[in-house]
Amino acid sequence: MTATVASHRKPRQHPLAALTGGGSRSARTARTAATLALAGAATATATGFEGTAQAAHRPTPAQVKDRVDALHQEAEVATQNYNGAKESADTAREELSRLQDEAARRTRKLNAARTELGTLAASQYRSGGVDPAVRLLLSADPQRYLDGAAVLERTGSHQATAVAGYARRLGSVRQVRQRAEETVERLADTEAKLKKHRVTVVHKLGAAEELLHRLTAEQRQRMAAREGARSGPGQDRTGHGAGRGDGPLDGIPGGAGGVAAAQAPSPRAARAVAFAYSALGKPYVWGATGPSAYDCSGLTQAAWKAGGVALPRTTYTQISSGPRVNRSQLAPGDLVFFYSGISHVGLYVGNGQMIHAPHPGAPVRIAPIDQMPFAAATRPA
């Protein structure tokens, strides 16, 4: 009896059967729906977590601004290294061209000396082919022969001088060619450095541009407006100068050639300041020295060139172009340098303000000198 009842008892389902099948069609349909619902919930939860993680890692506009500023500063360092390498390469090219011209000139003189030696050697061979005693016996005119022998002696002395001169010229040509070869090697090394610094600049500026593109147009506008506001008077909303040319600019101490220029310690400094004002609004382009665009040291170099002073190309060398000036003793025309690596420079114009070429996207403008970490100042002489 017990066996019969047991044979008709419905077998117990494993707890996982509800998820793996079994039971009636309607039950299976319900189980399938439940499974899909659970899967959908799991997917939604995972997506939500992923979205939250992405949102958590998206930088804020302030963070983007800080990173962009850092990249611009790193690009400025590479730009100054590039400028220095380019200056060295230009100098090497000029030296190589001069050495090549000198080698060509000395080679022409060497060839002329070689021709003279050949002529003398041929003449001696023709005249010295017979023993002098025999030539005297056979000569129809002994006196004429003796006169000729004296000429040959003098010719021998002249030939010795010519040989010495040829050897001297040969040595000088070799020296010039050796210097030219060394210059070629130095130029190749400098051009390799140029390429390296150029790649670094492009990489840094590209990374900064990519970060800025992550912001909305409105965020970028607000960022530019805040930067322009920190740049002091005389800037419009785009950061361009409020005016250009020779007339004074409203709200700017001194204008173009006004009070600031009059307060400059020398006429040369006054002309440098006037030039800087005339450059307001021109774009920043790394490696540029004008007249349509500038980088920071290119602007100060051009400004002081207008004042009659030839400055070197880079911030690292411009800082040694004159005596150092204490910050409290700054006067219009002084060069003001920033950051511990002396990688940025501006032209002081008075009242705590400078004119400088900031970075790509920011044209030549007026800004307070406390906008960046002040390093030193120089008054070009």
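Not counting sequence neighbours, Arg198 has no partner by the salt bridge (charged side-chain N to carboxylate O under 4.0 Å, His left out) test. Here Lys196 pairs with nothing under the salt bridge (charged side-chain N to carboxylate O under 4.0 Å, His left out) rule; sequence neighbours left out. Residues passing the ring-ring contact (aromatic ring centres under 6.0 Å, His included) test with Trp286, sequence neighbours excluded: Tyr82. Not counting sequence neighbours, Arg327 has no partner by the side chain to side chain donor-acceptor pair (under 3.5 Å) test. With sequence neighbours excluded, the residues that form a ring-ring contact (aromatic ring centres under 6.0 Å, His included) with His359 are His72. Not a single side chain to side chain donor-acceptor pair (under 3.5 Å) links Arg268 to another residue, sequence neighbours left out. Applying the salt bridge (charged side-chain N to carboxylate O under 4.0 Å, His left out) rule to Glu95 yields the partners Arg186; only residues at least two apart in sequence or on another chain are considered.
The shortest side-chain heavy-atom distance between Val325 and Tyr348 does not fall under the 4.5 Å cut-off. Annotation: side chain of Arg106 is in contact with side chain of Ser172 (closest heavy-atom distance under 4.5 Å). At least one side-chain heavy atom of Leu212 sits less than 4.5 Å from a side-chain heavy atom of Val68. When side chains are defined from C-beta on, Arg169 does not count as touching Arg174, because their heavy atoms never get closer than 4.5 Å.
Nearest heavy atoms, Ala270 versus Ala264: N-CB, 3.6 Å. In plain terms, the two heavy atoms of Ala357 and Cys296 that are nearest each other are O-CB, 3.6 Å. Pairing each heavy atom of Pro332 with each of Pro265, the nearest pair is O-CD, 3.3 Å. Heavy atoms only, all atoms of each residue included: Ala381 and Val309 are closest at O-CG1, 3.7 Å. Residues Gly333 and Pro380 share a closest heavy-atom pair of O-CD, 4.1 Å. For the pair Ala75 and Leu205, the tightest heavy-atom approach, listed with the atom from each and the gap, is CB-CD2, 3.6 Å.
Contact check on Arg98 versus Glu102 returns a salt bridge, with a Lys/Arg side-chain nitrogen under 4.0 Å from an Asp/Glu carboxylate oxygen. Looking at Arg67 and Glu74, a side-chain N of the basic residue comes within less than 4.0 Å of a carboxylate O on the acidic one, giving a salt bridge. With respect to the salt-bridge test (charged N to carboxylate O, under 4.0 angstrom), the residues Asp189 and Lys193 qualify.
Remark: Glu210 CD is loosely packed, at most 12 non-hydrogen atoms of other residues, nucleotides or ligands lying under 6.0 Å away.
In this structure, Leu311 is a member of the same hydrophobic cluster as Phe275, with clusters built from ILVMFWY side-chain heavy atoms closer than 4.5 Å. Cluster annotation: Val199 is not connected to Val201 through the hydrophobic network of ILVMFWY side chains, with a link wherever side-chain heavy atoms come within less than 4.5 Å. Put simply, Val202 and Tyr284 are part of the same group of oily side chains (I, L, V, M, F, W, Y) that touch within less than 4.5 Å, one to the next. Transitive grouping of hydrophobic side chains (ILVMFWY, heavy atoms separated by less than 4.5 Å) brings Leu335 and Val273 into a common cluster.
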#### Entry: Arg177 and Thr107: CA distance, side-chain angles, deciding distance, side chain to side chain donor-acceptor pair (under 3.5 Å) verdict
CA-CA 10 Å; Arg177 288 178 178 174; Thr107 299; 3.3 Å; yes
### Query
Hey, mind stepping through Leu299 and Ile355 against side chain to side chain contact (heavy atoms under 4.5 Å, CB included) and telling me if it holds?
CA-CA 9 Å; Leu299 174 64; Ile355 294 177; 4.2 Å; yes
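Here the CD-CG distance, from Glu209 to Leu71, works out to 11.5 Å after rounding to the nearest 0.5 Å. In this structure, the separation between CZ on Arg379 and OG on Ser321 is 12.0 Å, given to the nearest 0.5 Å. For the atom pair CG (Leu211) and CD (Gln63), the distance works out to 11.0 Å, reported to the nearest 0.5 Å. The CE atom of Met354 sits 11.5 Å away from the CG atom of Leu330 when rounded to the nearest 0.5 Å. Once rounded to the nearest 0.5 Å, the distance linking CG of Asn351 with CD1 of Ile369 reads 10.5 Å. Separating the CD atom in Glu181 from the CG atom in Leu96 is a distance of 10.5 Å, to the nearest 0.5 Å.
Between the side chain of Glu185 and the backbone N or O of Glu182, no donor-acceptor pair lies under 3.5 Å. Thr378 places a side-chain N or O within 3.5 Å of a backbone atom of Ile319 that can act as its donor or acceptor partner. With Gln219 contributing its side chain and Thr216 its backbone, the two residues share a donor-acceptor pair below 3.5 Å.
Residue pairs satisfying the ring pair (Phe, Tyr, Trp, His ring centres under 6.0 Å) criterion with at least one member in residues 170-216, sequence neighbours excluded, are absent. For residues 303-312, no pair satisfies salt bridge (Lys or Arg N to Asp or Glu O under 4.0 Å), with sequence neighbours left out. For the side chain to side chain donor-acceptor pair (under 3.5 Å) condition, the pairs that include at least one residue of residues 287-300, sequence neighbours left out, are Gln80-Ser297, Asn83-Asp295, Asp295-Arg313, Ser297-Arg313, Thr300-Gln318. Within the structure, salt bridge (Lys or Arg N to Asp or Glu O under 4.0 Å) contacts touching residues 81-90 (residues at least two apart or in different chains) are Lys86-Asp90, Asp90-Arg93.
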Mind listing the side-chain donor-acceptor pairs of residues 336-347 below 3.5 Å, one per line with the distance, residues two or more places apart or on another chain?
{"from": "Ser343", "atom 1": "OG", "to": "Gln73", "atom 2": "NE2", "distance (Å)": "2.5"}
{"from": "His344", "atom 1": "ND1", "to": "Glu76", "atom 2": "OE1", "distance (Å)": "3.4"}
{"from": "His344", "atom 1": "NE2", "to": "His356", "atom 2": "ND1", "distance (Å)": "2.8"}

